[in-house]
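Within every chain, numbering begins at 1; the chains are lettered A, B, ... in the order of the sequence lines, protein sequences first and strands thereafter. Just the heavy atoms: all of them, side chains too, but no hydrogens, waters or symmetry mates, feed the values below.
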Amino acid sequence: MLYDSRSITANEYEKEVTVEGWAQEVRNLGGISFLILRDRYGVVQVTAPKKKIAPEVMQAITSLARESVVRVTGTVKPSAQVKAGYEIIPSSLIVTGAAQTPLPMGVVDKVDVETETRFNHRYMDLRKPEVRAVFEIKSLTMRLIDEYLADNGFVEVFTPKLVASGAEGGSTLFKVDYFGKQAYLAQSPQLYKQMLMSTGLDRVFEIGPAFRAEPSDTARHVSEFISFDGEMAHIDSQRDVMAMIEGCTQFVIAEVKERGDWALRALGCDVAVPKAPYPVVSYEKAVGMVQGAGFKIELGEDLGTEGEKLLGELMVQDGYEMYWIAEYPEAAKPFYIMEKEGTPYSYSFDLDYKGQEISSGGQREHRYDRLVQRMEKMQLDPKSFEFYLNAFAYGMPAHGGWGLGVERMVQKMLGLSNIRETILFPRDRNRLVP
RNA sequence: GCCCCGGUAGUGUAGCGGCCUAUCAUGAAGCCCUGUCGAGGCUUCGACUCGGGUUCAAAUCCCGACCGGGGCGCCA
């Protein structure tokens with residue numbers, strides 16, 4: 001059996017073990033050599049005193065190229081001089097994956113590496129524990145979302161990613177050739193999850209990729225991201241939807257803190273569970289608040305990145321890292337949102353986390369005639385949405401839902417400056433490789 | 001798409017018309033060293049994004065291309 005840096009304990013002292021990992025560093029002092037071997041969970045030190053080691057093993061260690069994969073068999077010896085409390089005295093060393101030199105970038109070098117270089121050599125970048133830890137947390141986050149929603153009666157679904165029309169206009173769609181027909185990569189499961197509301201699968205969720213051909217060039221946009229979508233039927237108002245997201249985010253963050261402890265330590269990051277209940281700030285009130293802070297904006301205008309950040313600062317001052325911005329102007333929202341009758345607003349909300357939108361949702365328009373009216377108002381042709389509209393014509397309950405950017409949530413939770421840090425191989429306007 | 005900024009050894013940088021045969025660190029190759037953990041000492045190696053132009057002279061100034069960074073719009 002193979003041991004690793006986490007599974008070697010005092011029980012293994014004086015016993016022979018085999019470990020495999022990357023040769024992070026070799027410190028050769030002449031009469032004694034130290035090999036720092038890194039694996040998923042940490043490092044072990046292999047110590048080779050020249051006089052006690054077979055010459056071929058000594059030769060193998062001193063000539064090792066950094067980042068080569070090696071398998072070492074040896075005896076575990078307790079040692080007060082080593083941070084881990086033990087070291088391995090090797091009896092054999094096999095290079096199972098030699099590394100070429102020089103490396104395209106250092107894993108433990110004392111010089112900085114630019115973001116572009118890191119992403120060009122992502123396999124190497126991900127060898128850094130603090131870079132990799134993000135993905136341990138991201139995986140855990142997904143699992144926790146699953147757990148929470150399953151406990152709340154949600155069915156996990158998978159909607160098509162190859163679609164014939166977009167959910168919110170055509171400009172942000174990636175075109176693909178589909179057996180000679182025009183198709184697109186799905187920008188959102190929106191239409192499909194709503195259709196499901198007419199079936200009896202009255203609580204569904206999906207965690208899957210979404211594609212946006214927006215020419216955005218910011219630290220919080222990529223063209224492929226993981227969207228956590230949910231939709232629930234038989235609701236009384238969008239408050240039911242908000243309560244679900246609030247419960248879910250509270251659960252996820254609290255459990256990440258518990259179960260993701262070791263990964264958070266690798267990141268050197270302290271996660272706080274946001275104060276609940278999350279305050280609900282109406283769009284109207286939000287505009288007033290940023291105006292009060294000296295920001296130039298008129299009612300009806302979008303808050304914009306700056307306004308959003310400013311509002312985030314104001315809310316954090318009051319101790320709230322998460323908060324709702326509710327009832328946006330209906331004109332700024334997609335066709336499927338329900339209008340708030342007699343006002344220019346809508347039954348919609350955004351969930352902001354430290355000044356950045358991570359989720360948006362609301363109550364949907366489930367009344368067929370109103371939905372068609374709203375499409376026409378937004379200059380969309382109901383005919384091209386027939387497959388969707390039909391589901392509203394034969395018995396559709398009131399419903400609402402949300403979309404939440406998983407990476408944005410992880411980014412904000414971990415305090416990362418760029419969403420790309422939460423994506424193994426990010427896709428953006430200038431990056432398609434690797 | 002718009003505004004600003006930048007591209008120098010494997011990596012990160014200094015230099016910004018002649019003192020450049022281009023700085024420093026890190027790295028790589030080699031040698032010395034028995035307790036390193038940012039090991040130390042010595043030697044060596046390695047670069048001005050590309051194409052035009054200005055000039056006696058271009059890494060340095062101008063134009064274009066390509067690539068990248070920061071911000072905005074839009075959104076998750």
Among the candidates B:G12, B:A76, B:U36, find the nucleotide nearest to the side-chain atoms of A:Val111. B:G12

Which nucleotides of nucleotides 67-73 of chain B have their base under 4.0 Å from a protein heavy atom (B), which only their sugar-phosphate (S), and which neither (-), written as one string 5' to 3'? -S---BB

Students often get this wrong, so: under 4.0 angstrom with heavy atoms, is A:Pro49 touching a base, only sugar-phosphate, or nothing? nothing

Between atom CZ in A:Arg66 and atom P in B:G27, what is the gap in whole Å? 6 Å

Any pair counted as salt bridge (Lys or Arg N to Asp or Glu O under 4.0 Å), so long as it reaches residues 47-60 of chain A, sequence neighbours left out: none

How would you label the contact of A:Val108 with the nucleic acid (heavy atoms, under 4.0 Å): base, sugar-phosphate, or nothing? nothing

Can you give the donor-acceptor pairs under 3.5 Å from side chains of residues 295-312 of chain A to other protein atoms, not counting sequence neighbours?
from	atom 1	to	atom 2	distance (Å)
A:Glu301	OE1	A:Glu298	N	3.1
A:Asp302	OD2	A:Gly304	N	2.9
A:Thr305	OG1	A:Arg220	NH2	2.9

Touch check for A:Glu87, heavy atoms < 4.0 angstrom, all strands: base, sugar-phosphate only, or nothing? base

Under 4.0 angstrom, heavy atoms only, what part of the nucleic acid is A:Asp112 near: base, sugar-phosphate, or nothing? sugar-phosphate

Rounded to whole Å, CD1 of A:Ile145 lies from P of B:A76 at a distance of 16 Å

Go along nucleotides 38-47 of chain B 5' to 3' and tag each nucleotide: B for a protein heavy atom under 4.0 Å from its base, S when only backbone or sugar atoms are that close, - otherwise. BB--------

Under the ring pair (Phe, Tyr, Trp, His ring centres under 6.0 Å) test, which residues partner A:Phe349, sequence neighbours left out? A:Trp324

Run through RNA chain B and report every stem of 3 or more consecutive Watson-Crick or G-U pairs, distances under 3.5 Å, ordered by first number. B:1-7 with B:66-72, B:10-12 with B:24-26, B:27-32 with B:40-45, B:49-53 with B:61-65

Is A:Ser360 near enough to B:A76 that one of its side-chain N or O atoms lies under 4.0 angstrom from OP1 or OP2? yes

If you define the side chain from C-beta out and look only at heavy atoms, does anything of A:Leu196 sit under 4.5 Å from A:Glu231? no

Find which nucleotide of RNA chain B each of A:Asp350 and A:Ile36 is nearest to by heavy atoms, and output the residue with the more 5' nucleotide. A:Ile36

